[in-house]
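A quick note: this is a predicted structure, and the numbers were derived from the prediction, not measured. Atom set for the values below is all heavy atoms of this structure, side chains included, hydrogens, waters and symmetry mates excluded.
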Amino acid sequence: MKTLWYGGTIYTMIGEGDTTEAVLTDGDKIIQTGTYEQLAPFAEQQQFLNGAVMYPGFIDSHIHLIGYGELLLKRRVHHVTTAAQFLEEVRDEASKLDGTEWMYIDMWDENRMDRIPSIDELDALYSGPMLLRRVCRHVCLTNHAGLEKLKVTKQSEDPVGGAYGRDEHGNLNGLLYENANDALLDLASANIPEEQLDEMIRLAIDDLVAHGITGVHSEDLGYFGHYTKSFGAYNRVIGKERYFRAHMLRNHRVFEEMITDGVTFDNPFLEPGAMKIFADGSFGGNTAYLNAPYEGTKTTGIQIHSDEEMASWIALARSYNTAVAVHAIGDGAIEQVITALEQVPAVEMRDRYIHGSLCTPVQIQRLAALNIIVDAQPLFLLSDMPWVAERLGEERSHYLYPWKEFLRAGIVLGAGTDAPIERISPFETIWAGVTRKKVGGEVYQPSQCLSRYEMLHMYTVGSAYTGNQETYRGHIAPNYDADFTILDRDLLHCTEEEILSTAVMKTVVAGKIVYEQKS
């Protein structure tokens, strides 16, 4: 049915400040833009915006969709500031379990606490295995029952690309880093039933569309047991129970298996994406891989893959004419990735550098020469500063989150949150990119602040370009998807403070209203 959208400000994102008076859609596509007078005769129904502001649908370029839904189901402890409070949360959760099943708690952050609970304190509260995930999800905490599930003892050697935490006497302290963390996660999540995966996706999508997000680039296919479980959940829910867009990165562990299995993407709401590789960890866990040690330490973090292994994974992707999307936080990690990519030919699908956290000017120029997209998460800066600058030292901290420098080099940026790592609100993300400060706080490197238009470009055109979707998504123009984010205010002209209180009036996917604010 042909529908006319009019009666508000409609930004096309074709150029800065470019607007149109009305938009005519037919089913899931835009067929024309123009004036109300021109288009009204062709409309079978009309949608009056009542003064609201319409943008192309916001796309979160980096999220873990099932993981975000899982977060909404699990106990979260991001608010705790002491070990005693953390242990009280563990005690309360234990009271709900049978003493043998897995305990899940998420989002602890030692940067907010006086200390991390000891493994003995955890043992005293629960006899079953624990998976207590740090906010970055590159580190977890467990008890002796969890270590037994892993078959890890004091004599165990660290796994390749990971580490077992130890106290000053060499005893295991329950902390697991990178590949050791992933091994415990695989054990704890392998038997999650399909019905629960479906519910996680529903919960995540319902929350995302309420925040104006019409689609995501997600990476979930290397977790929750065999990839067919997660992929099946996507196909059961998206396009059938929920209208939503998902561009799906394929974890390097399952990438070739999916291809040799003949997996097809017949669902029009799902698209295959690049091979996802982790090069390192996080600043918070001291596992981001640096070219030089963290301040006051001898560690440079964790290099998950050797140079030969990284080159091998990239070569595998190229053998299937596919790009790579590499998580790289530290300057050592992105150096490894750039060096490997300089040795292989480009493909039509675009490579992406996920996070863009610490990158030197020389590395930025090399990235630009490779036409690599930067998949950026502006909220990381607000979570990481100022403590990350102290860990890196004054000189390196100047190269943290250099978003403006990426743009000056001609690099395209997409906007993501890495949810469940960060909150999914696009308005908090836009605030972070524009102000580079916490509310009422100091501005971190003002020269790297982005304009309102640059942030909106990241959420629309940039995120679409990141996924090779720029010919049909990211603009309000003929033949583009009828995906719209409709807000109560003009983000280009409201005050900075008003960005944070923006309300979503409607979210539209494939021409269908999937969220509408209740009056």
Side-chain angles (χ1 to χ4, degrees), residues 57-71 135-138 201 204-205 207-208 211-223 230 234 244-252 270-283 288 323-329 333-334 337 349-359 367 372-384 401 403 406 411-426 428-430 432-433 450 455 457-470 473-474:
F58 286 1
I59 304 166
D60 190 309
S61 67
H62 188 72
I63 193 174
H64 304 272
L65 188 66
I66 297 178
Y68 183 60
E70 179 187 33
L71 183 72
V135 61
C136 66
R137 295 197 162 197
H138 288 265
I201 291 181
I205 291 175
D207 200 41
L208 285 158
H211 284 84
I213 303 297
T214 60
V216 296
H217 298 183
S218 184
E219 195 254 314
D220 290 300
L221 298 179
Y223 316 99
S230 296
Y234 271 87
F244 195 69
R245 312 279 188 188
H247 179 86
M248 305 181 74
L249 302 182
R250 291 166 285 179
N251 190 283
H252 72 283
L270 304 180
E271 297 175 336
M275 175 197 282
K276 170 69 181 291
I277 309 171
F278 284 90
D280 67 347
S282 70
F283 288 134
V324 293
V326 187
H327 164 114
I329 297 288
I334 191 56
V337 174
M349 184 185 288
R350 298 182 181 101
D351 297 310
R352 71 172 86 179
Y353 165 25
I354 298 174
H355 303 315
S357 299
L358 179 64
C359 195
L367 287 166
I372 294 178
I373 308 302
V374 173
D375 185 345
Q377 290 70 45
L379 274 176
F380 277 15
L381 178 135
L382 302 193
S383 295
D384 292 352
Y401 307 110
W403 307 320
F406 288 132
I411 294 171
V412 175
L413 301 181
T417 57
D418 202 10
I421 308 305
E422 295 288 355
R423 300 170 300 283
I424 54 88
S425 167
E428 291 185 58
T429 297
I430 291 169
L450 300 174
M455 277 304 313
H457 189 278
M458 286 170 63
Y459 256 114
T460 53
V461 183
S463 288
Y465 188 84
T466 300
N468 289 72
Q469 304 159 330
E470 71 274 13
R473 205 166 291 160

List the atom of [X], the atom of [Y], and the distance in Å for their closest heavy-atom pair.
X	Y	answer
P378	A432	O-CB, 3.6 Å
G69	A204	N-CB, 3.8 Å
D375	S61	OD1-OG, 2.7 Å
V461	G474	CG2-O, 3.5 Å
D418	Q377	N-CG, 3.9 Å
G356	F406	O-CE1, 3.8 Å

Any heavy-atom pair between the side chains of [Y] and [X] that's under 4.5 Å?
X	Y	answer
I334	L358	no
P272	R250	yes
F58	T214	no
L208	F244	yes
E271	N468	no

**Prompt:** Which pairs, with at least one residue in residues 273-282 and sequence neighbours excluded, count as a salt bridge (Lys or Arg N to Asp or Glu O under 4.0 Å)?
**Reply:**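 Listed once each, the pairs are E219-K276.
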Rounded distance (nearest 0.5 Å) linking atom [atom1] of [X] with atom [atom2] of [Y]:
X	Y	atom1	atom2	result
R245	I59	CZ	CD1	9.0 Å
T466	I372	OG1	CD1	12.5 Å
M349	M275	CE	CE	11.0 Å
S463	I373	OG	CD1	10.5 Å
E470	T460	CD	OG1	12.5 Å
L249	I63	CG	CD1	12.0 Å

**Request:** Would you tell me whether Y234 and S218 have side-chain atoms, one donor and one acceptor, within less than 3.5 Å of each other?
**Result:** yes
**Message:** For H64 and D220, which I'm curious about, is there any donor-acceptor pair between the side chains at under 3.5 Å?
**Reply:** no
**Main-chain N/O of A323 paired with D351 side-chain donor or acceptor, under 3.5 Å** = no
**Message:** Checking the side chain of R137 only, and the main-chain atoms of I421 only, is there a donor and an acceptor separated by less than 3.5 Å?
**Reply:**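 Checked: no pair found.
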**Request:** Report the residues that fulfil side-chain hydrogen bond (donor to acceptor under 3.5 Å, both in side chains) with T429, sequence neighbours left out, ordered by chain and then residue number.
**Result:** Y459
**Request:** Applying side-chain hydrogen bond (donor to acceptor under 3.5 Å, both in side chains), name anything that partners S383, two or more places apart in sequence or on another chain.
**Result:**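 With sequence neighbours excluded, S383 shows a side-chain hydrogen bond (donor to acceptor under 3.5 Å, both in side chains) to E422, given in chain and number order.
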**Request:** Starting from the C-alpha separation in whole Å, work towards a yes-or-no answer on side chain to side chain contact (heavy atoms under 4.5 Å, CB included) for L221 and N251.
**Result:** CA-CA 6 Å; L221 298 179; N251 190 283; 5.5 Å; no
**Item:** Test side chain to side chain contact (heavy atoms under 4.5 Å, CB included) applied to S357 - qualifying residues, sequence neighbours left out
**Value:** F283, I329, H355, F380, Y401
**Item:** Stepwise side chain to side chain contact (heavy atoms under 4.5 Å, CB included) check, W403 with L413
**Value:** CA-CA 8 Å; W403 307 320; L413 301 181; 4.1 Å; yes
**Request:** Might you work through the side chain to side chain contact (heavy atoms under 4.5 Å, CB included) test for Y465 and R350, ending with a clear yes or no?
**Result:** CA-CA 9 Å; Y465 188 84; R350 298 182 181 101; 3.1 Å; yes
**Item:** Those residues that, when tested against H247, pass ring pair (Phe, Tyr, Trp, His ring centres under 6.0 Å) (two or more places apart)
**Value:** H217
**Prompt:** Who pairs with H138 by ring pair (Phe, Tyr, Trp, His ring centres under 6.0 Å), at least two apart in sequence or on another chain?
**Reply:** F278, H327
